[in-house]
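Quick notes on the structure that follows.
Position 1 is the first residue of the sequence, and the numbers go up from there.
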Amino acid sequence: MHGPAQAACLSAWADDSVEFTAPPTSLLVGRADLPFRVGRLRHGDAEAVILAHETADHRLLPMATAAEIGDAARPRICVDLLGMRDAGTDRALVITAVERFYGLVLRLDGEGDYCLADASNDCPVGQRLSQGDVLRELVRVRAEALDDKAKPWSVVSLAPAKAASSDLDDVAAQVSGDAGPMAGATVFFHRAPHSGCVAKSGEQGVATCRLVDQHGDEDPDEHEADAKLLVTFPGEIGTDRTLVPMTQRMQRAR
């Protein structure tokens with residue numbers, strides 16, 4: 001549940017105890033003329049990020065928040081879309097808010113458990129989502145608000161694929177777009193604590209590579225057969241459409 005953390009987040013925002021700064025630069029943002037600010041807050045064991053729209057009279061209206069609660073090894077990250085749910089919110093404002101918030105969510109823990117708050121600003125009991133699930137929901141919210149001036153977003157699907165061998169360090173993923181398997185897509189693989197590799201998908205849309213321990217201190221025998229991978233597609237921005245960055249937690253195909 002994230003009600004208490006979210007309440008703390010909004011309470012702190014209301015009494016001006018959060019320092020707001022300019023949002024990070026993002027190529028996903030189509031309109032830089034709509035001003036937004038980003039606030040960060042710590043409250044006990046909770047950490048939150050707040051995206052707010054700055055009005056013409058310099059008021060800050062919260063559009064979305066993400067509160068991280070719990071064990072640092074596997075935090076629960078609670079996302080509330082707040083102002084994006086308001087039917088009266090200007091479409092261009094919602095589109096830009098999603099574009100800004102998408103970049104912020106990408107900077108959160110890709111291996112954490114997420115939940116999405118409902119209209120009561122609380123998460124449904126037992127809800128357990130991935131970062132990719134939240135990103136896809138943001139794509140859906142943006143699509144509902146889309147107008148003729150905004151470039152459409154497309155989502156790439158990432159799924160387990162058969163690796164080159166049974167060795168746990170050999171990994172593979174199927175990359176697919178709207179038209180089917182995608183060739184030439186760059187994909188990053190990560191396995192905690194710090195093993196990774198990068199590959200491009202072939203003609204059938206399969207990207208495969210061998211994980212390398214970046215610190216040189218992992219014992220390959222320590223990894224169990226169900227070790228989770230975080231697979232990341234970094235995105236591609238074209239003239240007529242955008243393939244948004246996407247993450248997917250997955251197990252190796254057997």
Kindly determine whether Thr232 and Met246 satisfy side chain to side chain contact (heavy atoms under 4.5 Å, CB included), including the steps that lead there. CA-CA 6 Å; Thr232 302; Met246 185 53 60; over 6 Å; no

Testing the basics here: between [X] and [Y], what is the closest heavy-atom pair and its distance to 0.1 Å?
X: Arg76; Y: Cys123; result: NH2-CB, 4.2 Å
X: Ala199; Y: Ala207; result: CB-CB, 4.1 Å
X: Glu99; Y: Gly30; result: OE1-N, 3.0 Å
X: Leu116; Y: Gln127; result: N-OE1, 2.6 Å
X: Thr186; Y: Phe233; result: O-CD1, 3.5 Å
X: Cys209; Y: Phe189; result: SG-CD1, 3.4 Å

Hey, does the side chain of [X] reach the backbone of [Y] with a donor-acceptor pair shorter than 3.5 angstrom?
X: Arg100; Y: Ser26; result: no
X: Thr208; Y: Ala163; result: no
X: Gln131; Y: Tyr114; result: no
X: Lys162; Y: Ala173; result: no
X: Ser157; Y: Ser176; result: no

For the atom pair [atom1] ([X]) and [atom2] ([Y]), what is the distance rounded to the nearest 0.5 Å?
X: His190; Y: Gln214; atom1: NE2; atom2: CD; value: 8.5 Å
X: Asp169; Y: Cys197; atom1: CG; atom2: SG; value: 9.0 Å
X: Leu28; Y: Thr96; atom1: CG; atom2: OG1; value: 11.5 Å
X: Glu54; Y: Arg37; atom1: CD; atom2: CZ; value: 6.0 Å
X: Leu158; Y: Met250; atom1: CG; atom2: CE; value: 5.5 Å
X: Leu27; Y: Glu236; atom1: CG; atom2: CD; value: 13.0 Å

Are [X] and [Y] in one and the same hydrophobic cluster, where Ile, Leu, Val, Met, Phe, Trp and Tyr link if side-chain heavy atoms are under 4.5 Å apart?
X: Leu61; Y: Ile95; value: no
X: Val98; Y: Leu146; value: no
X: Met182; Y: Val206; value: no
X: Val187; Y: Leu230; value: no
X: Leu106; Y: Phe188; value: no

For Ser165 and Asp167, test the side chains for any donor-to-acceptor distance below 3.5 angstrom and give the result as yes or no.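 No, Asp167 and Ser165 have no side-chain donor paired with an acceptor closer than 3.5 Å.
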
Hey, mind stepping through Leu229 and Gln251 against side chain to side chain contact (heavy atoms under 4.5 Å, CB included) and telling me if it holds? CA-CA 6 Å; Leu229 289 169; Gln251 293 178 315; over 6 Å; no

Val171 and Arg210: CA distance, side-chain angles, deciding distance, side chain to side chain contact (heavy atoms under 4.5 Å, CB included) verdict: CA-CA 6 Å; Val171 294; Arg210 183 171 176 81; over 6 Å; no

Check each of Val29, Leu60, Leu93 against Phe36 using the side chain to side chain contact (heavy atoms under 4.5 Å, CB included) test, and report the only one that passes.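 Single pass found, and it is Leu93.
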
Classify the ring geometry of Trp153 against Tyr102: parallel below 30°, tilted from 30° to 60°, perpendicular beyond 60°.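 Answer is perpendicular, since the angle exceeds 60°.
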
Any carboxylate oxygen within less than 4.0 angstrom of a Lys/Arg side-chain nitrogen, looking at Glu111 and Lys228?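 Salt bridge: no.
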
I'd like to know if Asp113 and Arg128 make a salt bridge, using a cut-off of under 4.0 Å between side-chain N and carboxylate O.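 Answer for the salt bridge query: yes.
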
Is there a side-chain contact between [X] and [Y] in this structure, where contact means two heavy atoms from C-beta onward sitting under 4.5 Å apart?
X: Leu135; Y: Val244; result: no
X: His194; Y: Asp213; result: yes
X: Phe20; Y: Val38; result: no
X: Arg136; Y: Arg140; result: no

When you measure from the SG of Cys115 to the SG of Cys78, is the result less than 2.5 Å?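 Cysteines Cys115 and Cys78 do not qualify as a disulfide pair, their SG atoms being 2.5 Å or more apart.
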
Heavy atoms of other groups near Gln204 CD, more than 12 under 6.0 Å: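 Atom CD in Gln204 is not crowded, with 12 or fewer foreign heavy atoms closer than 6.0 Å.
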
So for atom CD1, which belongs to Ile237, do other residues, nucleotides or ligands contribute more than 12 heavy atoms lying within a distance under 6.0 Å?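 Enclosed.
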
Ile77 and Asp109: CA distance, side-chain angles, deciding distance, side chain to side chain contact (heavy atoms under 4.5 Å, CB included) verdict: CA-CA 8 Å; Ile77 301 170; Asp109 186 1; 4.0 Å; yes

